[in-house]
Amino acid sequence: MSGLTEYGPLSSLPAPTGAVLVLNAGSSSLKYQLLHPDTGEVWADGIVERIGENDSSITHEQGDVEIRETAAIADHLAAIEWAIRCFADNGTDLAAAGLVAVGHRVVHGGRTFYEPTIITREVISEITRISPLAPLHNPANLIGIEAARTFLPDVPSVAVFDTAFFHGLPDAAATYAIDRGVADLHAIRRYGFHGTSHDYVSHRVADFLGRDYDELNQIVLHLGNGASASAIAGGHPIDTSMGMTPLEGLVMGTRSGDLDPGLVLHLHRVAKLSVDQIDTLLNKQSGLKGLCGENDFRAISALIEAGDENARRAYDVYIHRLRRYIGAYMIELGRVDAITFTAGVGENSTPVRADALAGLEHYGIIIDAERNAVRSKEPRRISADDSEIDVLVVPTNEELAIARQSAAVVA
Ligand code: AMP
């Protein structure tokens, strides 16, 4: 391997007995974390990005050791082999470490999977069968699953599905108004994504407020590079912004979110773009990036300060869409107890939180500017004491949620 390597002192952490290895394979990335499901203690985490290119970037942190390299990582299998070797080089033989499970984030569970599921040959076949619903993600997830079964044959693998939390969406929220026969034949409905995060965060909200989960009506805003909103009534999700694919809903880093479907036809018929070109345009070249060339809010804020009009418009479109969903979910829920921001933008961007909920005093929402400006990794309230609706910031932790669900199903 070529590139930059930095080695620190070797990890002095004890062997990770009882730990779960969580694998999150995206279309061109692999994230992993080795952590304890009860304590949340993290032994190691890493990420391989730009898989399939000549300059894949690799980061592995384990105890005091930090490895950063640039290399050509051909595919997900090579990425996993690389990660396992990093563990070995740092004194952790994963196959002999006493892991309780490998937890896999699987993006699409279709209509079949709505609970953490121990992976068998039959489960692999079924995930393969539903892969056309998530053509960029499920195949990568499957490679992660096969690799774990090859390299760690004695450790049970568990699939945790991104769609699972929303499997019980009411029919009215899950149904697209298209021909029923076509929809049924092709499994077309709204599935929802980021479910692990919405599930984890909404439960932490109940803990934070000291309230019973089942008695709370909540709106959760997961605003990261991907973004989604959910409405949860008395412990049950009743709506969410992502649909059959993770493209629907809010404006995201590189994804458009909601569009007139006629626009897609126009791009094909008139602009002569192929289906794959439209796919790339809407998933990778749209959203904030399409509007102003940047998808990171820190860069966008800097551009706005420098007077960049495209960045200003991108921000305004983002906030406009977000407020539209918040408004819709307030009506759907009728009574709202808590609105919670999470993920990279939600946890860190003071202006996004302020602007998303500005001027809603008549609806019982009052943001406390000082509380909103505090930076912290802890769950916190940013609404004023006299705000009827609690507005919170709660960091998400999908790896911990996957580790816990995996350990529980194996036990
Ligand atoms: P995630 O997908 O949850 O990892 O979120 C990634 C996104 O969070 C980035 O693309 C940034 O837009 C945003 N982000 C991360 N840190 C900050 C920060 N300190 N201020 C504003 N935005 C941030």
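Numbers here simply count residues along the sequence, with the first being 1. Counting starts at 1 for both ligands and their atoms, following the listed order.
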Counting heavy atoms under 4.0 Å, the part of Asn295 that contacts ligand 1 is backbone
Any protein heavy-atom neighbour for atom 4 (O) of ligand 1 (distance below 4.0 angstrom)? no
Distance flag, aromatic centroids of Phe166 and His198, threshold under 6.0 Å: yes
Tell me: protein heavy atom nearest atom 22 (N) of ligand 1, and distance? Phe297 CB, 3.5 Å
Are Phe87 and His60 near enough that their ring centres are under 6.0 Å apart? yes
Please list the nearest protein heavy atom to atom 14 (N) of ligand 1 with its residue and the distance rounded to 0.1 Å. Gly344 O, 3.6 Å
Centroid-centroid under 6.0 Å between His167 and Phe113 rings: no
Which of the listed options, Arg375, Lys289, Arg298, holds the heavy atom that is closest to atom 16 (N) of ligand 1? Arg298
For atom 11 (C) of ligand 1, what is the nearest protein heavy atom, given as residue, atom name and distance? Asp296 OD1, 3.4 Å
Can an N or O of Asn225 be found at a distance shorter than 3.5 Å from an N or O of ligand 1? yes
Short side-chain donor-acceptor distance under 3.5 Å, Asn348 and Arg375: yes
When the aromatic ring centroids of Phe193 and His108 are compared, is their separation below 6.0 Å? yes
